Amino acid sequence: MTCLLDVSGLTAGYNGVTVVSDISLHVDAGETVAVIGANGAGKTTLIRCIAGMVNASSGRVTFNGKDITGLSSDRTCEAGLAQSPEGRQLFATMSVEDNLRLGAILRRAHMHTEDNLARVFDLFPVLKSRRRQISGTLSGGEQQMVAIGRALMSDPLLIMLDEPSLGLAPVMVDVMFDTIANLNKNGMSILLVEQNTAESLALSSRAYVMENGQIVLQGAGSELLNDDRVRHAYLGI
């Protein structure tokens with residue numbers, strides 16, 4: 001497989017405090033790769049650093065064969081690396097469609113706006129019926145659909161999903177993981193950051209376990225799902 005995202009020796013934090021240390025991982029084209037770990041393990045900081053929202057103090061991020069370490073978030077997006085952030089971060093007073101169209105302001109995506117919008121509506125039919133609805137009035141699950149749809153509107157090569165099941169009702173958690181599986185089946189490369197360990201490992205080609213800002217385990221998703229250390233620490237078995 002072709003390596004699409006390669007993170008090597010990445011260390012980063014805030015205000016002089018190290019949050020992630022010496023992180024190395026990779027995502028091959030067509031893979032779903034999960035990063036699991038407890039709240040506070042450093043998963044979101046890792047994603048934000050890859051996306052160019054947090055500066056790395058050391059290490060390197062290579063995407064699609066190019067060194068993107070230290071690039072601003074708009075330039076990483078232009079390179080084809082999209083992020084659906086934790087907490088959705090929608091513009092709550094704007095309509096569903098306007099939020100989605102914001103994802104297509106990039107040069108790489110602008111010419112394909114209508115085609116990508118149609119694809120998002122195919123993926124999430126409820127959003128088509130509510131395209132004029134104010135985003136802040138949607139349910140949590142519907143807002144998460146908008147957040148993922150907005151990322152897809154940028155025409156990405158790889159999408160990073162940060163806690164897409166957080167705060168959702170159980171039925172919507174199942175919908176969200178079915179959506180992720182469907183995206184990957186249709187060729188999207190995905191880096192999935194999640195606290196929902198069992199679901200994440202079940203649908204991932206490979207996975208990494210983070211604790212205290214470091215990778216402590218890695219392997220095939222199915223292998224980690226049956227690893228006694230993972231089962232005891234994260235599945236309560």
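What you are looking at is a predicted structure, and each value in this text was computed from that prediction instead of being measured. By convention here, the first residue in the shown sequence is residue 1.
The other residues sharing a hydrophobic cluster with L102 are F91, M94, where clustering joins ILVMFWY side chains under 4.5 Å apart.
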Legend entry - Pair S200-F177, side chain to side chain contact (heavy atoms under 4.5 Å, CB included): steps then yes or no: CA-CA 8 Å; S200 300; F177 280 104; 3.9 Å; yes

Inset, instruction - Begin with the C-alpha distance, continue with both residues' side-chain angles, and end with the deciding distance and a verdict on side chain to side chain contact (heavy atoms under 4.5 Å, CB included) for E142 and V126. - result: CA-CA 8 Å; E142 291 164 346; V126 67; 3.8 Å; yes

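Listed for the R88 side chain is no donor-acceptor partner under 3.5 Å among the backbone atoms of V146. Judged purely by atom type and a 3.5 angstrom limit, S21 has no side-chain atom pairing as donor or acceptor with the backbone of G213. When atom types are taken as modelled, the side chain of Q83 and the backbone of M160 share no donor-acceptor pair closer than 3.5 angstrom. Distance alone, capped at 3.5 Å, places no donor-acceptor pair between the K43 side chain and the V35 backbone. For S24 (side chain) and G9 (main-chain N/O), a donor-acceptor pair under 3.5 Å exists by modelled atom type. E78 contributes a side-chain N or O that, together with a main-chain N or O of R107, makes up a donor-acceptor pair within less than 3.5 Å.
Both M176 and L161 are part of a single hydrophobic cluster, where members link through side-chain heavy atoms under 4.5 Å apart. Follow the hydrophobic side-chain contacts under 4.5 Å out from V230 and you never reach L203; the two are in separate clusters. Linking ILVMFWY residues whenever their side-chain heavy atoms come closer than 4.5 Å, directly or via other members, leaves I215 and V209 in distinct clusters. Cluster membership check: V20 shares its hydrophobic cluster with V7, using side-chain heavy-atom separations under 4.5 Å among Ile, Leu, Val, Met, Phe, Trp and Tyr. No continuous path of ILVMFWY side-chain contacts below 4.5 Å connects V27 to I180, so the two sit in separate hydrophobic clusters.
Within the 4.5 Å cutoff, side-chain heavy atoms of L123 are placed close to those of L183. With contacts defined as side-chain heavy-atom distances shorter than 4.5 Å, the pair Y208/I23 does not qualify. The side-chain heavy atoms of T179 and M145, taken from C-beta on, include no pair separated by under 4.5 Å. R132 has its side chain out of reach of V96: every pair of non-hydrogen atoms, C-beta onward, lies at least 4.5 Å apart. Side-chain contact check for C49 versus L10: some heavy-atom pair is nearer than 4.5 Å. At a threshold of 4.5 Å between non-hydrogen side-chain atoms, the residues E194 and P164 count as touching. Counting heavy atoms from C-beta outward, M53 and T44 have side chains that stay 4.5 Å or more apart. Side-chain contact between L25 and Q218 is absent, with no heavy-atom pair separated by less than 4.5 Å.
For the side chain to side chain contact (heavy atoms under 4.5 Å, CB included) criterion with L5, the lone passing option out of L157, L158, V33 is L158.
With values rounded to the nearest 0.5 angstrom, L71 atom CG is found 11.0 Å from C77 atom SG. In this structure, I148 CD1 and M153 CE are separated by 14.5 Å, a value rounded to the nearest 0.5 Å. Considering CG of L117 and CD of E97, their distance stands at 5.5 Å, rounded to 0.5 Å. Taking CG of N184 as the start and OG of S205 as the end, the distance is 6.0 Å to the nearest 0.5 Å. Rounded to the nearest 0.5 angstrom, I134 CD1 and L90 CG are separated by 12.0 Å. Separating the CD atom in E199 from the OG atom in S204 is a distance of 10.5 Å, to the nearest 0.5 Å.
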Kindly list each side-chain donor-acceptor pair under 3.5 angstrom involving residues 54-67, sequence neighbours excluded, with atom names and distances?
from: S57; atom 1: OG; to: T11; atom 2: O; distance (Å): 3.1
from: S58; atom 1: OG; to: T11; atom 2: OG1; distance (Å): 3.4
from: R60; atom 1: NE; to: T62; atom 2: OG1; distance (Å): 3.4
from: D67; atom 1: OD1; to: T69; atom 2: N; distance (Å): 2.9
from: D67; atom 1: OD1; to: T69; atom 2: OG1; distance (Å): 2.7

Residues 185-192, side-chain donor-acceptor partners within the protein, below 3.5 Å, at least two apart:
from: N186; atom 1: ND2; to: N182; atom 2: O; distance (Å): 2.8
from: N186; atom 1: ND2; to: N182; atom 2: OD1; distance (Å): 3.1
from: S189; atom 1: OG; to: G30; atom 2: N; distance (Å): 2.8

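Within 6.0 Å of atom CG in D22, more than 12 heavy atoms from other residues, nucleotides or ligands are found, so the atom counts as buried in its surroundings.
Minimum heavy-atom separation, S165 to N196: OG-CB, 3.9 Å. Of all the heavy atoms in L166 and E86, the pair that sits closest is CD2-OE2, 3.6 Å. For the residue pair T76 and I50, the shortest heavy atom distance occurs at CG2-O, 4.2 Å. Contact detail for M210 and A41: the closest heavy-atom pair is CE-O, 3.4 Å. Scanning all heavy atoms of the two residues, the minimum distance from A207 to L224 falls at O-CD1, 3.5 Å. When all heavy atoms are compared, the tightest approach of L100 to F121 is CD1-CE2, 3.8 Å.
A salt bridge links E114 to R101: at least one charged side-chain nitrogen sits closer than 4.0 Å to a carboxylate oxygen.
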